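In the text below, chain A, chain B and the rest are named by the order of the sequence lines, each starting its count at 1. Given the structure is predicted, the values throughout are model-derived calculations rather than measurements.
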Protein chains: 2
Amino acid sequence: MTATRDLTRNQSLVLGALEHADGPLSAYTILDRLRDAGFRAPLQVYRALDKLTEFGLVHRLESLNAFVACAHGHDHGHAHAHGIVAFAICDTCGKVDEFSDDEVTSRLNGWARDAGFRASKTTIELRGECAGCLAAA
Amino acid sequence: MTATRDLTRNQSLVLGALEHADGPLSAYTILDRLRDAGFRAPLQVYRALDKLTEFGLVHRLESLNAFVACAHGHDHGHAHAHGIVAFAICDTCGKVDEFSDDEVTSRLNGWARDAGFRASKTTIELRGECAGCLAAA
DNA sequence: AATTGGATGTAATGTTATTACGTTAGGAGG
DNA sequence: CCTCCTAACGTAATAACATTACATCCAATT
Ligand SMILES: [Zn+2]
Ligand SMILES: [Zn+2]
Ligand SMILES: [Zn+2]
Ligand SMILES: [Zn+2]
């Protein structure tokens with residue numbers, strides 16, 4: 001059983017913004033959407049994002065400089081461990097698909113073991129066009 | 001046989017800066033190092049990087065917002081096709097190891113095929129600590 | 001009450017990337 | 001030679017993303 005975590009007000013607001021969005025949001029977009037809730041400065045967003053990422057509730061998309069709520073079903077503050085996670089990002093509609101592949105994880109871990117490299121974070125991002133957008137084109 | 005490509009002066013300078021560096025460089029660091037060669041503005045660097053990346057001579061490290069010369073041995077302007085390339089980036093010493101794994105490539109391509117996703121670019125980056133730094137610690 | 005640590009508020013600054021606009025160099029074709 | 005076209009270049013301004021610095025607040029502990 002994974003422990004439920006108490007989120008602070010700012011963390012809840014940022015997580016909520018990401019969960020209600022239809023795609024990844026930049027920190028500054030989140031800031032804009034939370035102005036009415038009292039947000040004033042980027043740091044309020046970045047601090048919350050740091051914690052949410054640490055808790056595994058939010059992922060940062062490096063190739064986009066943006067953030068998404070974790071796609072795995074879980075209640076607020078109730079996370080679960082990820083293996084290596086991959087993202088397929090549609091450059092046309094912005095949709096993001098989060099997935100994970102044990103064989104990929106195992107090969108990358110194997111490479112790291114052989115190289116004596118200790119990985120603390122691994123990023124896998126596919127940029128391209130999703131099935132829906134390809135069909136529409 | 002892959003065609004040799006003529007690089008422009010700016011492209012050669014930027015590629016040279018990356019090849020002589022001992023690690024990834026940000027666009028602005030490249031700019032600073034090329035001041036004496038007449039560089040004045042970020043765009044000069046970004047334009048050269050765009051082309052070099054397109055030619056496969058340079059890779060962008062998304063998690064670092066920085067660039068490295070391709071590790072594969074090739075003469076200036078003489079590139080070769082990559083499959084999906086992965087990078088192991090040491091957060092301690094900055095060293096970058098470029099590698100490629102057919103099984104990883106095949107699994108990711110397989111996922112994309114099944115999902116109907118057409119990937120135009122795939123990023124794999126391991127952040128952590130290299131063998132040398134782990135031994136030194 | 002004093003101390004501690006985490007979270008917060010705010011301003012200033014630093015870093016990375018792009019837009020806009022004008023100029024230059026070189027090849028293709030008349 | 002001259003015009004058209006295209007790719008590359010030069011420069012300035014601005015936009016977008018992220019961090020540093022410093023003060024304050026508050027709850028838990030001693
Ligand atoms: Zn997730
Ligand atoms: Zn799409
Ligand atoms: Zn390469
Ligand atoms: Zn190292």
Could you say whether B:Gln11 or B:Arg40 is positioned toward the 5' end of DNA chain D, judged by the nucleotide with the nearest heavy atom to each? B:Gln11
For DNA chain D, whose closest nucleotide is more 5', that of B:Lys51 or that of A:Ala27? B:Lys51
Nearest whole Å is fine: how far is [N] [atom2] from [X] [atom1]?
| X | N | atom1 | atom2 | answer |
| --- | --- | --- | --- | --- |
| A:Leu49 | D:dC17 | CG | C1' | 12 Å |
| B:Arg9 | D:dA8 | CZ | P | 16 Å |
| B:Leu43 | C:dT19 | CG | C1' | 9 Å |
| B:Asn10 | C:dA25 | CG | P | 13 Å |
| B:Arg35 | D:dG10 | CZ | P | 13 Å |
| A:Leu31 | D:dA18 | CG | P | 13 Å |
| B:Asp50 | C:dA17 | CG | P | 10 Å |
| B:Glu62 | D:dC17 | CD | P | 14 Å |

Would B:Phe117 and B:Leu108 show up in the same hydrophobic cluster when neighbours are defined by side-chain heavy atoms closer than 4.5 Å? yes
I'd like to know if A:Arg47 reaches the base of C:dG9 with its side chain, counting only an N/O donor and acceptor under 3.5 Å. yes
Quick one: is [N] close enough that its OP1 or OP2 comes under 4.0 Å of any side-chain N or O from [X]?
| X | N | value |
| --- | --- | --- |
| B:Arg60 | C:dA17 | yes |
| A:Asn65 | D:dA16 | no |
| A:Thr8 | C:dT8 | yes |
| B:Ser26 | C:dT15 | no |

For A:Gln44 and for B:Tyr28, find the nucleotide of DNA chain C with the closest heavy atom, then tell me which residue's nucleotide is more 5'. A:Gln44
Surrounding CG of B:Asp114 (heavy atoms of other residues, nucleotides or ligands, distance under 6.0 Å), is the total greater than 12? yes
Residues, nucleotides or ligands: over 12 heavy atoms within 6.0 Å of B:Arg118 CZ: no
Regarding A:Glu62 and A:Lys121, does a basic nitrogen lie under 4.0 Å from an acidic carboxylate oxygen? yes
When you get a sec, tell me which of D:dC17, C:dA7, D:dT11 is the closest nucleotide to the side chain of A:Tyr46? D:dC17
Do A:Ile124 and A:Asp101 make a side-chain contact, defined as non-hydrogen atoms from C-beta onward lying under 4.5 Å apart? no
